[in-house]
Amino acid sequence: MARIEAADFHDIAKPGDVRLSPDGERVAFVRQIPDDDESYESTIHLVPSDGSEDPRQFTVSEGGDSQPRWSPSGDRLAFVSNRGKDDDRPQLWIIPVGGGEARQVTEVPAGVEGITWSPDGTRIAFTQSTTEDEREEGLDVDIGDEDEYERETPDPRVIDRTVYRSGQQYFDGTRSHVYVAHVGEGLADAADVAVDRVTDGDVDHNSPEWGDESTLYYTAQDVGEDPDDSHRYSIYAYDTDDESAGKVHESSGWGAGVAANADGEVAFLYSEEEQVSIQPTELKVVDADSGEVAWLTEELDRGLGYEAAPQWGPDGDRVYFSTPDEGKTSLWSAPSDAGEAPRRVVRPGAVSAAHVGDERVAFAMSEWAHPGDVFACERAHADAPGLDGGSGAERDDCVRLSELNADYFEDVSVQEPEELHFESEGGEIQGWTITPPEFDPEEEYPLAVEVHGGPHAMWTTAGTMWHEFQTLAARGYVVFWSNPRGSTGYGTDFMQAIERDWGDVTLTDVMAGVDLLTERDYVDADDVHLTGGSFGGYMTSWTVGQTDFFTSAVSQRGVYDLTGFYGSTDGAYALVEGDFDADPWEEPEFLWEQSPTGHAHNVETPTLVIHSEDDYRTPACTAELWYRMVRKQGTDTRFVLYPREGHELSRSGEPGHIVDRIERIARWFDGYSDHHDVPRALDRDDDDGLTAGEEDEDENGDDGDADSDETDE
């Protein structure tokens, strides 16, 4: 069997955005696979929910399709696509399920997001971010008469907001608003579809959700003197008959996802506003008429995951939601009146998307043996006992509806993780390890240690890191990863254990797992390497400033200076105020001591620094500071900066960059490992040992002189 390589990323398909049809007979999902080094092909596929047939491609391979949504009658499928476009303005499309061509039904200036059908199937609500000028001129609802409309980039940018950029882009005067496209009962072209904006003002509106046919709910970031500096938000009900809106409730939290039923009940997310970043995300339901609120997760010591959105069951009396749950993702249900504790419905593995129907639950899931497929199980598990018993549907209860990478797995060797439970100062920690293919316990292997981001996140045996872990194992490393204190999925106390101490608490737990593995005869305790991204980048750079235990390290997209991060990040500056309960002007010395830059002068471990040029979550300025300080000490280091990439580089970056990143991590480790007879990366040609270099050699007939983003010389 062949070994998994970094370049295999180009051959791996993944599923997402799973949706059951109204009759429960079919599942629509998005299949994504790299198209080339810079882009992906995303198409919508359909598969019977009982697994009786293989999936079939439903939309053409042209551009990127996403957000498939069945019409209430099940005869049409709405989706978002940039087909036929050479820009980033995906539009709303509808395709007949019985056969026929898809039709574009909007021509608006910004990308369409968050689409949702009205109960009568004649309208689709969505959001887009538009400028005040576009709204005043009516361009926000139709640019069809404008020749090649292009929004101007401000020159210079004049910024009057506390948070003025996020993801990979500046807001540039735009605000997110809610729109309704009147698509009718059949098919229509954009020229025949009227689009109305239902919100207004210089605040952001999101999460449109229909209740009954004439009521559209949404959220608004309109609370406080400076809404950018507040985690409170309002929930509104918009009456489409008299075109009026009224506030239903006010809440607080990181996320603002809502879901509504036809009886005027709205499920919403809630976190305590004080130190919001370190508070669990709870689920509540408000009655829009009476204002009464029920707390559904009060008895559940699990917080909802990042970007979690609740959904109502088909009867409108139970709400479904997912949480991280001790190395897996569980789907739960709870009655809207909170009359009983939540029940686990599904707990099979690393679930990334789920949709609830009358009889079945469909979801996308990654497991140790594959990076993602579509599954379904019976919803009857919702009738199992609550927290006192019943674990919900496990893996054996589920039907696998796809094998997207069956051909690929015929030829490669996949390593099964060993689950670990080990003691640290704070109690038991869960982790996993995998060994190289053709593993021989009589031999000795180097160890690669991975630390997750967040910090309030959770790793599983699969998920987005499946390919990286398997690639490092295939390169001859024993790989170890874990969920130290601060992780979600193990209760509130566990998550809050790193308050005012990201570094030492996490390091204690990670090293407890490292100690466990280095006691094994087949692990070379003198050949241990460390890496992580985001918070994992913070931990990597923090660790090498505290100890010279590790042979080499790769720090990715990290936070290196908490004060610099506070001033340059997007809304994530709340992590400093929340997790550290500190402000830079009140405790500058404390934040310096808690920053990797405060200890950069101690770094002796050879450390590669990887960052993204357009990362506005952890901006590159603090990485540049740490890199320069380490370089000034004479320590082996290098700074690799990827253009056109943001904070999601490792998950959804350009395919060529994802491959290059993994290869550079392995090449850096190899150069300092006694088990790999290769020079240091610093002593090799820029692209030696990288796929990009091999391609240049194939094309040019020699080694070439490829451009490099490395800035070491």
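These numbers come from a predicted model, not from an experiment.
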**Request:** Evaluate the side-chain contact (heavy atoms from CB on, under 4.5 Å) criterion for residues Trp626 and Thr607: first the C-alpha distance (whole Å), next the side-chain angles of each, then the deciding distance (0.1 Å), finally the verdict.
**Result:** CA-CA 11 Å; Trp626 192 85; Thr607 305; 3.7 Å; yes
**Asked** Who passes side-chain hydrogen bond (donor to acceptor under 3.5 Å, both in side chains) against Trp502, sequence neighbours left out?
**Response** Asp579
**Between CZ on residue Phe126 and CZ on residue Arg69, distance to nearest 0.5 Å** = 14.5 Å
**Asked** Taking the inter-plane angle between the rings of Phe535 and Tyr538 on a 0 to 90° scale, is it parallel (under 30°), tilted (30 to 60°) or perpendicular (over 60°)?
**Response** parallel
**Message:** Could you walk me through whether Tyr573 and Thr162 satisfy the side-chain hydrogen bond (donor to acceptor under 3.5 Å, both in side chains) test, starting with their C-alpha distance in whole Å, then the side-chain angles of each, then the deciding distance to 0.1 Å, before giving a yes or no?
**Reply:** CA-CA 10 Å; Tyr573 68 90; Thr162 302; 5.6 Å; no
**Message:** Below 30° counts as parallel, above 60° as perpendicular, anything between as tilted: where do the rings of Tyr477 and His676 land?
**Reply:** parallel
**Request:** State, to 0.1 Å, how close Ala110 and Arg151 come at their nearest heavy-atom pair, and which atoms those are.
**Result:** CB-NH2, 3.7 Å
**Request:** Verify side-chain hydrogen bond (donor to acceptor under 3.5 Å, both in side chains) between His10 and Asp37, making sure each step is shown before the conclusion.
**Result:** CA-CA 8 Å; His10 288 281; Asp37 275 348; 3.3 Å; yes
**Message:** Considering only residues two or more places apart or on different chains, which pairs with a residue in residues 408-417 satisfy salt bridge (charged side-chain N to carboxylate O under 4.0 Å, His left out)?
**Reply:** none
**Request:** Let me see the working for Leu401 and Phe29 under side-chain contact (heavy atoms from CB on, under 4.5 Å), right down to the final yes or no.
**Result:** CA-CA 11 Å; Leu401 305 183; Phe29 66 94; over 6 Å; no
**Message:** Do Ser534 and His647 pair up side chain to side chain, a donor and an acceptor below 3.5 Å, judged on atom types alone?
**Reply:** yes
**Message:** Between Arg667 and Asp687, does any NZ, NE, NH1 or NH2 come within less than 4.0 Å of an OD or OE carboxylate oxygen?
**Reply:** no
**Asked** Relative to the ring of Trp466, is the ring of Phe409 parallel (under 30°), tilted (30 to 60°) or perpendicular (over 60°)?
**Response** perpendicular
**Prompt:** How far does NE2 of His456 sit from OG of Ser277, to the nearest 0.5 angstrom?
**Reply:** 5.5 Å
**Prompt:** If only atom types and distance count, is the side chain of Gln415 paired as donor or acceptor with the main-chain N or O of Pro436 below 3.5 Å?
**Reply:** yes
**Message:** So which atom in Pro68 and which in Phe79 form the shortest heavy-atom distance, rounded to 0.1 Å?
**Reply:** CA-CB, 4.2 Å
**Asked** Looking at Trp93, is Arg83 sitting on its ring face, NZ or CZ under 6.0 Å from the six-membered ring centre and within 45 degrees of the normal?
**Response** yes
**Asked** If you measure from CZ on Phe363 to NE2 on His355, what distance do you get to the nearest 0.5 Å?
**Response** 14.0 Å
**Message:** Which heavy atom of Thr597 sits nearest to which heavy atom of Met629, and what is that distance?
**Reply:** O-CE, 3.3 Å
**Message:** I need the Leu690 CG to Asp685 CG distance, nearest 0.5 Å.
**Reply:** 10.5 Å
**Request:** Using distance alone, with no hydrogens and no angle criterion, decide if Asn206 and Thr127 have a side-chain donor and acceptor under 3.5 Å apart.
**Result:** no
**Message:** Test side-chain hydrogen bond (donor to acceptor under 3.5 Å, both in side chains) on Ser673 and Asp670; report intermediate values, then the result.
**Reply:** CA-CA 5 Å; Ser673 172; Asp670 291 352; over 6 Å; no
**Message:** On a heavy-atom basis, which atom in Val510 and which in Ser482 lie closest, and how many Å separate them?
**Reply:** CG2-OG, 4.4 Å
**Request:** With side-chain contact (heavy atoms from CB on, under 4.5 Å) as the test, would you mind laying out the steps for Met1 and Val414 before giving the verdict?
**Result:** CA-CA 9 Å; Met1 298 287 284; Val414 180; over 6 Å; no
Validation: residues 56-64 side-chain donor-acceptor distances under 3.5 Å, sequence neighbours left out:
unit_1, atom_1, unit_2, atom_2, d
Gln57, NE2, Thr59, O, 2.8
Gln57, NE2, Ser61, OG, 2.9
Thr59, OG1, Ile44, N, 2.9
Thr59, OG1, Asp65, OD2, 2.7

**Prompt:** Do you know which of Arg475, Arg651, Arg661 makes salt bridge (Lys or Arg N to Asp or Glu O under 4.0 Å) with Glu468?
**Reply:** Arg661
**Complete:** CD1 (Ile610) and CD (Gln556) are apart, to the nearest 0.5 Å, by 5.0 Å
**Item:** Arg617/Asp570 salt bridge by N-O under 4.0 Å criterion
**Value:** yes
**Fill in**
Rounding to 0.5 Å, atoms CD (Gln470) and CH2 (Trp368) come to a distance of 8.0 Å
**Prompt:** ring-ring contact (aromatic ring centres under 6.0 Å, His included) between Phe171 and Tyr164: does it pass, once the steps are laid out?
**Reply:** CA-CA 6 Å; Phe171 297 149; Tyr164 48 87; 8.1 Å; no
**Asked** Residues two or more places apart in sequence or in another chain: which of them pass side-chain contact (heavy atoms from CB on, under 4.5 Å) with Ala13?
**Response** Arg31, Ile33, Leu404, Asn405
**Request:** Check whether any side-chain N or O of Asp614 sits under 3.5 Å from a backbone N or O of Gly646 as a donor-acceptor pair, and report yes or no.
**Result:** no
**Salt-bridge present (Asp615, Arg557; N to O < 4.0 Å)** = no
**Asked** What residues form a salt bridge (charged side-chain N to carboxylate O under 4.0 Å, His left out) with Asp140, not counting sequence neighbours?
**Response** Arg197
**Request:** State which residues pass side-chain hydrogen bond (donor to acceptor under 3.5 Å, both in side chains) with His452; sequence neighbours excluded, sorted by chain then number.
**Result:** Ser487
**Prompt:** Nearest heavy-atom pair of Phe550 and His529: which atoms, and what distance?
**Reply:** CD2-C, 4.0 Å
